[in-house]
Engineer: 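This is the structure, below, for whatever I ask next.
Every number for a ligand or one of its atoms is a count from 1 in the order of the listing.
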Amino acid sequence: MITKENPARTTEVVGVLPITGPAGVDAAVRRAEAARRDWSAHPITGRIAALRRGAAAIAGRAEELAVLLARESGKPLADCRGEIGFALAYLEWVCERAPDVLAEQVADDGAGRLVTRRRPYGVVACVTPWNAPVILTMTKLAPALAAGNTSVVKPSPLAPLTAGEVAAALPHVEVVHGGAETGQALVTHPLVRKVAFTGGDAAGRAIAAAAGAMLTPSVLELGGNDPAVLLPDFALTPDDYERLVMASFATSGQVCMAAKRLYVPRRRAGEFMEAYVAAAERILLVGDPLAPGVTMGPVISGEAAARVRELAWGRGMAVPLGRATGDLSAGYFVTPVLVAELADDDPLVVTEQFGPAVPLLVYDGEEEVVSRANASELGLGASVWSGDEERAFAVAGRLEAGFVFVNTHNRTGMSLRAPFGGVKRSGYGREYGEEGLLEYVQTAVTHAPAAFRPGGSGMSATAYPDRT
Ligand code: NAD
């Protein structure tokens, strides 16, 4: 059984779910497989109408789902409402764009007749993390289902309830529950044709290896250690400072694309620190996720709390941030901190902290900061902050990251049309944008060369074509 506690009040049980064993996983994959031919044979307009009915059912329960998400994940209620709204906005974006992006393309000209189709894979296995469980389930299901795939989803046992409800509201989705064992049973199933995974490095490697052994293609969205680079001419208003604070501390820092390293020019470090601490005092209110005005809840588990405290304290100069409200002794609350005076090889700088502690690093020149920002195996996101947008874009082009934000960072910089994903060891494949739709189709062509069509000139049996 999975017994899901509320991380803000650990004696409160939010839900209990049975773990799906290998036979249950097999049955779920077989049901998805049995449904896929009919579903993919539907015209795309029919699939989209069914997805929109699912969206309406989710929207009708949005408030109840947001409260459930807050209680199981520890994320503030306003964030949970936003998460459900953003997931629905993405589903609608897919409904609008999929017919064009996935349309069959026909060329019938002097070179021959060429039809290019976008075929669904079949059963898509989705293995998702706990930190944005509704959005990260939707970024897989919406494009997969629109393209004519069916799916089996395995949410994280750390926040399985809301994602499971949202997934089950969509057509031809099976939901299985459990941890690594259930995940392995799913991704190694021979009837699974594509694996979509979001999560950490260790699970990502295990999933990629298991899928690779089956020759099942995968898309992997892994962790990040995003640098936020403030150029010497940065010109931040008080609102900008608040946005930068939340770029690191939203969801208690447990976001793949959080600003995880701050690089500030040495001569402006004092001024920066003062304005940053003042902004945190205004925007960062730590407390129960359901209490009004709270912007930061607990972390997800006792283990996560111990891990981030270990990373944050004992080296450098830790400056506690923000304010707190209510009794924080009942849950996994961690005081948010900015940590200055750390070496570049400090564990808080080189590892993905995935918690409410951010290092402040000073630099002297542009070459130096670009090289230090790029000195990571991870390359998910990054940001550049400058009063000069041209200069910011020029530096952004030198950063080794899949998504560079300018004058913002984290979710305030997202766009439904912009493909999101990592370079280096932050994964492969993309979510969002047209690339996020194309992730769930395979290209299949039918071709009649002009030479062999009725009335064609023919061609020697040993020749290569002379035109395309
Ligand atoms: P996790 O890797 O521990 O778990 C993710 C999922 O994988 C869960 O469903 C888990 O049960 C499953 N799993 C774990 N081990 C497995 C195995 N050996 N075989 C099969 N399945 C397995 O991650 P988490 O703690 O839920 O999420 C945090 C991580 O996710 C962070 O590193 C974060 O940066 C990353 N993340 C990345 C993105 C992105 O878009 N790139 C988004 C959100 C989170």
Engineer: Under 4.0 Å, heavy-atom basis, I'd like to know which part of C256 is in contact with ligand 1: side chain, backbone, both or neither.
Structural biologist: both
Engineer: Could you check whether atom 3 (O) of ligand 1 has a protein contact, counting only heavy atoms that fall below 4.0 angstrom?
Structural biologist: no
Engineer: Among protein heavy atoms, which sits nearest to atom 16 (C) of ligand 1, and what does the distance come to when rounded to 0.1 Å?
Structural biologist: A180 CB, 3.5 Å
Engineer: Give me the residue, atom name and distance of the protein heavy atom closest to atom 33 (C) of ligand 1.
Structural biologist: F354 CE1, 3.3 Å
Engineer: So which heavy atom in the protein is nearest atom 12 (C) of ligand 1, and how far is it from that ligand atom?
Structural biologist: V127 CG1, 3.7 Å
Engineer: For atom 11 (O) of ligand 1, which of K154, R430, H177, R205 has the closest heavy atom?
Structural biologist: K154
Engineer: Check A312 against A318 and note the closest heavy-atom contact, atom names and distance.
Structural biologist: O-CB, 4.1 Å
Engineer: Please could you name the atoms of ligand 1 that F420 approaches to less than 4.0 Å, counting only its heavy atoms?
Structural biologist: 40 (O)
Engineer: Just let me know how V187 lines up against ligand 1, side chain, backbone, both or neither, with a heavy-atom cut-off below 4.0 Å.
Structural biologist: neither
Engineer: Under 3.5 Å, N or O to N or O, is K260 touching ligand 1 that way?
Structural biologist: no
Engineer: Using a 4.0 Å cut-off to any heavy atom of L380, which atoms of ligand 1 qualify?
Structural biologist: 41 (N)
Engineer: Does atom CZ (R119) have a neighbourhood of more than 12 heavy atoms from anything else shown, all under 6.0 Å?
Structural biologist: no
Engineer: Using a strict cut-off of 4.0 Å, indicate which atoms of ligand 1 neighbour a heavy atom of T198.
Structural biologist: 5 (C), 36 (N), 37 (C), 38 (C), 39 (C), 40 (O), 42 (C), 43 (C), 44 (C)
Engineer: Mind checking whether I58 and V134 have side chains closer than 4.5 Å, heavy atoms only?
Structural biologist: no
Engineer: Out of K4, E5, R71, which one pairs with E12 under the side-chain contact (heavy atoms from CB on, under 4.5 Å) rule?
Structural biologist: R71
Engineer: May I ask which of E181, E221, M257, E352 has a heavy atom nearer to atom 34 (O) of ligand 1 than the others do?
Structural biologist: E352
Engineer: Which of parallel (below 30°), tilted (30 to 60°) and perpendicular (above 60°) describes H409 and F405?
Structural biologist: tilted
Engineer: At what distance is the nearest protein heavy atom to atom 27 (O) of ligand 1, and which residue and atom is it?
Structural biologist: P129 CB, 3.4 Å
Engineer: If you count the atoms of ligand 1 from 1 in the order shown, which ones are under 4.0 Å from a heavy atom of N131?
Structural biologist: 43 (C), 44 (C)
Engineer: Please confirm whether G179 comes under 4.0 Å of ligand 1, counting heavy atoms of the residue only.
Structural biologist: yes
Engineer: If you measure from each heavy atom of T128 to ligand 1, is any distance below 4.0 Å?
Structural biologist: yes
Engineer: May I ask you to list the atoms of ligand 1 that are less than 4.0 angstrom from any heavy atom of L136?
Structural biologist: 42 (C), 43 (C)
Engineer: Have a look at E33 and tell me which of R30, R31, R36 forms a salt bridge (charged side-chain N to carboxylate O under 4.0 Å, His left out) with it.
Structural biologist: R36
Engineer: Would you check if the side chain of K424 reaches a backbone N or O of S376 as a donor-acceptor pair within less than 3.5 Å?
Structural biologist: yes
Engineer: Looking just at side-chain N and O atoms, do R193 and T216 make a donor-acceptor pair shorter than 3.5 Å?
Structural biologist: no
Engineer: What protein heavy atom is closest to atom 15 (N) of ligand 1, reported as residue, atom name and distance in Å?
Structural biologist: A203 CB, 3.4 Å
Engineer: Has ligand 1 got any nitrogen or oxygen that is less than 3.5 angstrom from a nitrogen or oxygen of G199?
Structural biologist: yes
Engineer: If only atom types and distance count, is the side chain of E72 paired as donor or acceptor with the main-chain N or O of L161 below 3.5 Å?
Structural biologist: yes
Engineer: Just verifying a value: how many Å separate T139 OG1 and Y90 OH, rounded to the nearest 0.5 Å?
Structural biologist: 6.5 Å
Engineer: Yes or no on ring pair (Phe, Tyr, Trp, His ring centres under 6.0 Å) for F403 and F420, after CA distance, side-chain angles and deciding distance?
Structural biologist: CA-CA 6 Å; F403 201 122; F420 181 86; 5.7 Å; yes
Engineer: Could you check atom 7 (O) of ligand 1 against the protein and tell me its nearest heavy-atom contact, residue, atom and distance included?
Structural biologist: F197 CE1, 3.2 Å
Engineer: Please tell me if the side chains of Y428 and S218 come closer than 4.5 Å, counting only heavy atoms from C-beta onward.
Structural biologist: yes
Engineer: Find the distance between NZ (K140) and OG (S151) and round it off to the nearest 0.5 Å.
Structural biologist: 10.0 Å
Engineer: Should you measure from each heavy atom of Q184, which atoms of ligand 1 turn up under 4.0 Å away?
Structural biologist: 17 (C), 18 (N), 19 (N), 20 (C)
Engineer: Report yes or no: does W39 contribute a side-chain atom to a donor-acceptor pair with the main-chain N or O of A32 at less than 3.5 Å?
Structural biologist: no
Engineer: Please report the closest heavy-atom contact between D344 and V349, naming both atoms and the distance.
Structural biologist: O-CG1, 3.5 Å
Engineer: Going by the order shown, which atoms of ligand 1 are within less than 4.0 Å of some heavy atom of A206?
Structural biologist: 18 (N)
Engineer: Out of all atoms in ligand 1, which are within 4.0 Å of some heavy atom of G183? Include the element for each.
Structural biologist: 20 (C), 21 (N)
Engineer: Would you say L222 and ligand 1 have an N/O pair spaced under 3.5 Å apart?
Structural biologist: yes
Engineer: Testing F272, Y276, W385 for ring pair (Phe, Tyr, Trp, His ring centres under 6.0 Å) with Y241, which one passes?
Structural biologist: F272
Engineer: How does I207 reach ligand 1, by side chain, by backbone, by both or by neither, if only non-hydrogen atoms under 4.0 Å count?
Structural biologist: side chain
Engineer: Just to confirm my output: which protein heavy-atom neighbour is closest to atom 23 (O) of ligand 1, and how far is it?
Structural biologist: G200 N, 3.5 Å
Engineer: Hey, does P157 sit under 4.0 Å from ligand 1 if you only count heavy atoms?
Structural biologist: yes
